[in-house]
Amino acid sequence: MAPWGYEKDNGPAHWHKDCPIANGKNQSPIDLINGEVKYDSGLKPLTAKYVPFSDAKFLNNGHSVQFQPSAGNGSELTGGPLAVKYNFEQFHFHWGNNDTEGSEHRVDGKMYPAELHFVHWNSTNPSFKDAVGSGGPNGLAVLGFFLKVGAENAALKPITDLIPKVKDAGTSVTVPSNFDMQAILPATLTDYYTYDGSLTTPPLAECVKWIVFKQPLEVSAAQMEAFRSVINRDGKPMGGNYRPPCPLHDRAVKTSFK
Ligand SMILES: NS(=O)(=O)/N=C1/NCCS1
Ligand SMILES: [Zn+2]
């Protein structure tokens with residue numbers, strides 16, 4: 001199979017051939033149906049502590065654009081549904097070619113124009129790779145933020161301003177060391193959906209504690225257009241790099257809000 005992607009000949013409907021877990025019972029993303037979720041008063045707020053990285057790249061890997069530090073620096077996530085500390089690994093985006101599509105998770109069937117994923121790995125593992133392969137839903141913790149079009153996002157501007165420099169697959173650029181990743185997050189990480197799922201890209205490992213925030217972040221129309229100028233490994237616009245929702249099967253989606 002040609003390397004996986006989101007085109008007709010290599011998109012989500014093909015992924016099961018290399019990754020049979022694609023048809024598993026704990027796949028992501030899902031449609032978050034408010035009438036079927038269950039409030040859990042035991043879910044505490046999350047705490048993300050992000051330390052500025054001295055050596056991070058912003059890159060185009062052919063299927064997303066991604067902020068990737070060269071090594072850990074003590075940036076970590078704790079609390080919420082998590083039993084242990086998770087180390088920050090990377091963040092990346094999924095988006096559409098117009099404002100009616102682009103997010104991976106949906107809320108009552110509604111898609112947002114984009115979705116931002118902050119990826120963290122369970123610190124009881126020796127590495128990110130081991131955490132992915134550790135089996136069970138606690139290897140990774142991924143924070144999902146919906147993006148909607150509105151005011152310019154000043155915290156994401158240093159990143160969206162770099163997009164023209166990584167327009168083509170396989171390109172990367174160094175991120176200025178004064179980039180403040182913490183500023184992207186809302187002040188308090190409350191009001192989220194959480195469920196056990198998978199990576200939404202191959203290898204689709206069922207190793208993810210998903211934490212999807214109810215409140216979207218805003219980005220400007222110009223920032224959305226920057227994403228839509230990115231080219232994928234087939235030389236086409238990367239927009240549409242989202243997997244459709246997967247069956248919930250017998251999983252429960254819990255919420256930290258009523
Ligand atoms: N979109 S996603 O965050 O579920 N996929 C990933 N693949 C490798 C690390 S995160
Ligand atoms: Zn993702």
Side-chain angles (χ1 to χ4, degrees), residues 3-6 10-12 15-16 18-19 21-22 24 26-32 48 56-72 75 77 82 86-96 101-106 111-123 125 127-147 156 159 169 181 184 192-213 216-217 219 227 230 232-233 238-246 248 251 253:
W4 65 270
Y6 294 90
N10 67 3
W15 294 352
H16 69 95
D18 275 355
C19 307
I21 197 67
N26 301 286
Q27 290 290 293
S28 295
I30 60 171
D31 187 356
L32 300 161
K57 296 270 187 245
F58 186 58
L59 57 94
N60 175 336
N61 58 22
H63 53 85
S64 187
V65 287
Q66 185 162 306
F67 173 86
Q68 180 89 44
S70 56
S75 293
L77 179 69
L82 306 175
Y86 284 68
N87 298 318
F88 174 77
E89 174 70 14
Q90 49 105 325
F91 69 72
H92 63 272
F93 301 84
H94 304 263
W95 64 93
E101 49 140 51
S103 63
E104 297 215 291
H105 291 90
R106 305 185 188 192
M111 261 193 273
Y112 286 86
E115 187 169 331
L116 164 54
H117 290 157
F118 278 79
V119 181
H120 309 75
W121 54 276
N122 184 318
S123 62
N125 297 277
S127 73
F128 165 77
K129 205 161 176 302
D130 290 286
V132 171
S134 62
N138 299 310
L140 302 186
V142 182
L143 304 184
F145 292 94
F146 295 119
L147 302 186
L156 278 173
I159 294 297
M181 198 169 84
I184 298 171
Y192 55 83
Y193 303 85
T194 185
Y195 75 97
D196 292 347
S198 73
L199 302 178
T200 67
T201 59
L204 303 171
E206 296 187 336
C207 63
V208 182
K209 180 69 75 181
W210 274 98
I211 298 160
V212 180
F213 289 89
L217 303 179
V219 292
F227 285 109
V230 178
N232 67 17
R233 98 161 46 81
M238 193 178 279
N241 60 344
Y242 60 90
R243 189 188 190 190
C246 304
L248 186 62
R251 291 177 285 177
V253 177

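Start at 1 and go down the list; that is how both ligands and their atoms are numbered.
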(request) Would you sort out whether V230 and N241 count as a side chain to side chain contact (heavy atoms under 4.5 Å, CB included), showing the intermediate values? (result) CA-CA 11 Å; V230 178; N241 60 344; over 6 Å; no
(message) Between Y242 and T200, is the side chain to side chain contact (heavy atoms under 4.5 Å, CB included) condition met? List the steps.
(response) CA-CA 8 Å; Y242 60 90; T200 67; over 6 Å; no
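With rounding to the nearest 0.5 Å, the separation of NE2 in H92 from CG in L59 is 11.0 Å.
Across Q90 and Q68, no two heavy atoms sit closer than the pair CB-OE1, 3.7 Å.
Shown are the protein N/O/S atoms under 2.8 Å from the Zn ion (ligand 2), given by residue and atom: H92 NE2, H94 NE2, H117 ND1.
Protein residues with a heavy atom closer than 4.0 Å to ligand 1 are Q90, H92, H94, E104, H117, V119, F128, L199, T200, T201, W210, listed by chain and number.
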Could you list the donor-acceptor pairs under 3.5 angstrom formed by side chains in residues 128-144, with sequence neighbours left out?
from	atom 1	to	atom 2	distance (Å)
D130	OD2	S127	OG	2.4
S134	OG	A131	O	2.7

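Screening F146, F145, W210, F93 against H117 for a ring-ring contact (aromatic ring centres under 6.0 Å, His included) leaves a single residue, W210.
Here the side chains of F67 and I159 are in contact, with some heavy-atom distance below 4.5 Å.
Counting only distance, with no hydrogens or angles, the side chain of E115 and the backbone of E104 share a donor-acceptor pair below 3.5 Å.
The salt bridge (Lys or Arg N to Asp or Glu O under 4.0 Å) pairs that include a residue from residues 132-141 number zero, where partners must be two or more places apart or lie in different chains.
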